[in-house]
Amino acid sequence: MGGLKTLLGGCLHGDWDYEYDTVWDAVADFRAPYNAIVQDAHHELVGLLARHLDDATLLELMGSDTYMCEYWPPGDGMTATQFLTLLEVELRAPSSTQ
(Lines give C-alpha, C1' and ligand atoms only; values in the text may rest on other atoms or scores of the structure.)
Protein backbone atom coordinates (compact mmCIF):
# COMPACT_ATOMS: atom_id res chain seq x y z
CA MET A 1 0.00 0.00 0.00
CA GLY A 2 1.41 3.40 -0.96
CA GLY A 3 1.94 6.12 1.57
CA LEU A 4 -0.92 8.30 0.34
CA LYS A 5 -3.34 5.38 0.38
CA THR A 6 -2.13 4.53 3.89
CA LEU A 7 -2.89 8.09 4.96
CA LEU A 8 -6.17 8.64 3.13
CA GLY A 9 -7.59 5.13 3.46
CA GLY A 10 -5.96 3.90 6.65
CA CYS A 11 -5.84 7.04 8.76
CA LEU A 12 -8.95 8.75 7.38
CA HIS A 13 -11.08 5.60 7.51
CA GLY A 14 -14.81 5.51 8.22
CA ASP A 15 -14.44 6.13 11.96
CA TRP A 16 -11.67 8.74 11.93
CA ASP A 17 -14.04 11.41 13.22
CA TYR A 18 -14.88 9.28 16.27
CA GLU A 19 -11.20 8.97 17.14
CA TYR A 20 -10.09 12.56 16.47
CA ASP A 21 -11.55 16.03 16.96
CA THR A 22 -10.36 17.27 13.55
CA VAL A 23 -8.91 15.86 10.37
CA TRP A 24 -5.65 17.65 11.25
CA ASP A 25 -5.46 15.77 14.57
CA ALA A 26 -5.68 12.51 12.61
CA VAL A 27 -2.97 13.68 10.21
CA ALA A 28 -0.71 14.69 13.10
CA ASP A 29 -1.14 11.24 14.65
CA PHE A 30 -0.28 9.63 11.32
CA ARG A 31 2.84 11.76 10.91
CA ALA A 32 4.37 11.14 14.31
CA PRO A 33 5.54 7.50 14.08
CA TYR A 34 5.72 6.77 10.33
CA ASN A 35 8.49 8.87 8.82
CA ALA A 36 9.17 6.81 5.65
CA ILE A 37 5.46 6.41 4.96
CA VAL A 38 4.90 10.14 5.49
CA GLN A 39 7.64 10.93 2.98
CA ASP A 40 6.11 8.48 0.49
CA ALA A 41 2.65 9.99 1.01
CA HIS A 42 4.04 13.48 0.47
CA HIS A 43 5.78 12.44 -2.74
CA GLU A 44 2.59 10.81 -4.07
CA LEU A 45 0.51 13.82 -3.08
CA VAL A 46 2.83 16.25 -4.89
CA GLY A 47 2.43 14.10 -8.00
CA LEU A 48 -1.35 14.00 -7.64
CA LEU A 49 -1.60 17.77 -7.25
CA ALA A 50 0.69 18.28 -10.26
CA ARG A 51 -1.97 16.59 -12.41
CA HIS A 52 -4.27 19.63 -11.83
CA LEU A 53 -7.43 17.50 -11.64
CA ASP A 54 -10.76 19.23 -10.99
CA ASP A 55 -12.38 18.97 -7.57
CA ALA A 56 -15.05 16.47 -8.60
CA THR A 57 -12.38 14.14 -9.98
CA LEU A 58 -10.24 14.52 -6.87
CA LEU A 59 -13.19 13.76 -4.58
CA GLU A 60 -14.05 10.70 -6.63
CA LEU A 61 -10.43 9.56 -6.61
CA MET A 62 -10.10 10.09 -2.85
CA GLY A 63 -13.11 7.86 -2.21
CA SER A 64 -12.25 5.25 -4.82
CA ASP A 65 -10.40 1.97 -4.30
CA THR A 66 -7.22 3.88 -5.16
CA TYR A 67 -7.22 5.78 -1.84
CA MET A 68 -10.35 4.61 0.08
CA CYS A 69 -10.60 7.92 1.95
CA GLU A 70 -13.67 8.45 4.11
CA TYR A 71 -12.95 12.12 4.83
CA TRP A 72 -15.24 14.55 2.94
CA PRO A 73 -13.56 17.99 2.63
CA PRO A 74 -16.80 19.82 1.67
CA GLY A 75 -18.12 18.89 5.12
CA ASP A 76 -15.46 21.22 6.55
CA GLY A 77 -16.03 23.90 3.91
CA MET A 78 -13.07 22.92 1.73
CA THR A 79 -12.76 21.78 -1.84
CA ALA A 80 -10.73 18.64 -2.50
CA THR A 81 -7.97 20.80 -3.97
CA GLN A 82 -7.88 23.03 -0.90
CA PHE A 83 -7.73 20.04 1.44
CA LEU A 84 -5.04 18.22 -0.52
CA THR A 85 -2.99 21.40 -0.83
CA LEU A 86 -3.17 21.99 2.93
CA LEU A 87 -2.35 18.32 3.47
CA GLU A 88 0.73 18.65 1.26
CA VAL A 89 1.94 21.58 3.38
CA GLU A 90 1.25 19.63 6.58
CA LEU A 91 3.18 16.59 5.37
CA ARG A 92 6.09 18.78 4.20
CA ALA A 93 6.43 20.62 7.51
CA PRO A 94 8.82 19.14 10.09
CA SER A 95 7.05 17.09 12.73
CA SER A 96 7.01 18.56 16.22
CA THR A 97 8.01 15.10 17.50
CA GLN A 98 11.23 14.92 15.48
Side-chain angles (χ1 to χ4, degrees):
M1 182 182 295
L4 191 55
K5 185 174 184 177
T6 301
L7 170 57
L8 294 179
C11 180
L12 299 179
H13 54 75
D15 293 331
W16 74 267
D17 54 340
Y18 292 109
E19 297 178 32
Y20 302 98
D21 291 332
T22 70
V23 68
W24 304 115
D25 291 338
V27 170
D29 195 37
F30 168 81
R31 290 184 68 212
Y34 300 112
N35 216 356
I37 294 173
V38 171
Q39 290 174 2
D40 185 41
H42 181 260
H43 178 75
E44 290 179 56
L45 184 53
V46 167
L48 178 62
L49 288 169
R51 293 172 57 192
H52 302 288
L53 300 171
D54 62 64
D55 287 307
T57 302
L58 286 172
L59 283 173
E60 183 178 324
L61 189 59
M62 286 172 61
S64 73
D65 287 345
T66 301
Y67 296 114
M68 302 184 321
C69 182
E70 297 285 336
Y71 174 65
W72 186 249
D76 283 332
M78 290 184 283
T79 66
T81 302
Q82 289 169 329
F83 167 68
L84 293 174
T85 300
L86 289 171
L87 182 59
E88 186 277 324
V89 171
E90 183 66 25
L91 294 180
R92 180 175 11 118
S95 173
S96 60
T97 60
Q98 292 180 359

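Numbers here are sequence positions counted from 1.
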Non-hydrogen side-chain atoms of Leu87 and Leu84 separated by less than 4.5 Å
yes
Close side-chain approach of His52 and Thr81, heavy atoms under 4.5 Å
no
Measuring from atom CE of Met78 to atom OG1 of Thr85, what distance do you get when rounded to the nearest 0.5 angstrom?
10.5 Å
Can you find a side-chain donor-acceptor pair between Asp76 and Tyr71 that sits under 3.5 Å?
yes
Any chance the rings of Trp24 and Phe30 have centres within less than 6.0 Å?
no
For side chain to side chain contact (heavy atoms under 4.5 Å, CB included), just list the numbers for Leu48 and Leu58, CA-CA rounded to whole Å, side-chain angles, deciding distance to a tenth of an Å, and then say yes or no.
CA-CA 9 Å; Leu48 178 62; Leu58 286 172; 4.1 Å; yes
Are the side chains of Pro73 and Leu59 in contact, using a 4.5 Å heavy-atom criterion?
yes
Mind checking the SG-CD spacing from Cys11 to Glu70? Nearest 0.5 Å is all I need.
12.5 Å
Close side-chain approach of Gln82 and Thr79, heavy atoms under 4.5 Å
yes
Before giving the answer on side chain to side chain contact (heavy atoms under 4.5 Å, CB included), spell out for Asp40 and Leu4 the whole-Å C-alpha distance, their side-chain angles and the decisive distance to 0.1 Å.
CA-CA 7 Å; Asp40 185 41; Leu4 191 55; over 6 Å; no
Side chain of Thr57, backbone of Leu53: donor and acceptor closer than 3.5 Å?
no
Pair Val46, Glu88 - check side chain to side chain contact (heavy atoms under 4.5 Å, CB included), show working.
CA-CA 7 Å; Val46 167; Glu88 186 277 324; 4.0 Å; yes
Side chain Glu44, main chain Ala41, donor-acceptor under 3.5 Å:
no
Let me see the working for Leu7 and Leu91 under side chain to side chain contact (heavy atoms under 4.5 Å, CB included), right down to the final yes or no.
CA-CA 10 Å; Leu7 170 57; Leu91 294 180; 3.9 Å; yes
Going by heavy atoms in the side chains, are Glu90 and Val27 under 4.5 Å from each other?
yes
As an exercise, state the distance from CH2 of Trp16 to OG1 of Thr22, rounded to the nearest 0.5 Å.
7.0 Å
So does Asp65 get a backbone contact from the side chain of Lys5, meaning a donor-acceptor N/O pair under 3.5 Å?
yes
Does Trp72 reach the side chain of Met62, with side-chain heavy atoms less than 4.5 Å apart?
no
How long is the straight-line distance from NE2 of His13 back to CG of Leu8, given to the nearest 0.5 Å?
12.5 Å
More than 12 heavy atoms from other groups under 6.0 Å of CD on Glu60
no
